[in-house]
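Numbers for residues simply follow the sequence, beginning at 1.
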Amino acid sequence: MSPRSASVNEELRRRSRERLLQAAVELVDERGFAATTLGDIADRAGSARGLVSYYFPGKRQLVQSAVHRLMHRTLEEALEREPRTEDGRERLARAIDAILGLARERPVLMRQHMAGLLHEEGFVQCPEQQRLSELLGDTIARSGADDVTSGYPMLRALLMGAVYAALVPGVPMPIPVLRAELFERYGLDGELGLPPGGEPGRGDLSRFFATEKQPDDRDE
């Protein structure tokens, strides 16, 4: 068998990393952070356990990257859903609803994520977080913010605060109340966006991770 090309090896590494991200999201969502080990994640991903440390320095960094991936892909899906629009206010409303929707649909995962951000290791800079930052920055810019440089971190802080408030054990704030407060803060009509409602969705997460296997896709 001829050696694989550099491009094929790169694609296989990309898929391996994607599978680890997906496995981390699924397991923490099911069991919580403490009950999920790196070995569990590697086994769920079908990867060699040593491969985890090749991509990520530790479990907390892996989980943060995985949640940032879920957040940016959820946000991307909301912004691009039909009917597609370039209206900045509608896009901002969709962004707010997408993040609040994750708090509602994935409370265990998002609660663990918020706790991880307060850990001494702090905020993880990764490609997934960078893409999320770009999407939110573009969203606040299109909404007509006077100063995008300060507008983006303020939006991020308000969304994080809303997620935290929605998930505080024992005294959670209702998501509709948080949504109304954020919409008022940005002068958005309540009919914009897609309000989280009905039963929380527990759909398959695989659409957010490009993990399809090919015949020669095997971890060593």
Q125 atom CD, neighbour heavy-atom count above 12 within 6.0 Å: yes
T37 side chain near K59 side chain, heavy-atom distance below 4.5 Å: no
Pick one: which of Q112, R106, E105 meets side-chain contact (heavy atoms from CB on, under 4.5 Å) with D29? R106
Does atom CE (M154) have a neighbourhood of more than 12 heavy atoms from anything else shown, all under 6.0 Å? no
Candidate pair E90 and R94, rule salt bridge (charged side-chain N to carboxylate O under 4.0 Å, His left out), full reasoning: CA-CA 6 Å; E90 168 64 21; R94 292 184 185 188; 2.7 Å; yes
Find the distance between CG (L109) and CD (E30) and round it off to the nearest 0.5 Å. 10.5 Å
Who are the side-chain contact (heavy atoms from CB on, under 4.5 Å) partners of P169, not counting sequence neighbours? R111
Carboxylate-amine/guanidinium proximity below 4.0 Å for R81 and E77: no
Check the pair F56 / L38 against side-chain contact (heavy atoms from CB on, under 4.5 Å), numbers first and verdict last. CA-CA 10 Å; F56 305 96; L38 287 175; over 6 Å; no
Distance (rounded to the nearest 0.5 Å) between I140 CD1 and Y152 OH: 11.0 Å
D138/R142 ion pair, N-O < 4.0 Å: yes
Just wondering, do S133 and Q129 contact through their side chains at under 4.5 Å, heavy atoms? yes
Passes side-chain contact (heavy atoms from CB on, under 4.5 Å), H68 versus Q130? Steps please. CA-CA 9 Å; H68 282 139; Q130 182 178 6; over 6 Å; no
N-O pairing of R131 and E134 below 4.0 Å: yes
Does some side-chain heavy atom of L62 sit less than 4.5 Å from a side-chain heavy atom of L21? yes
Is it true that, when you exclude Y186 itself, more than 12 heavy atoms of the residues, nucleotides or ligands shown sit nearer than 6.0 Å to its OH? yes
Contact check, side chains of F183 and D97, non-hydrogen atoms, under 4.5 Å: yes
Could you tell me whether R91 and E80 have a side-chain N and a carboxylate O separated by less than 4.0 Å? yes
Would a 4.5 Å heavy-atom cut-off, applied to side chains only, mark Y55 and R13 as touching? yes
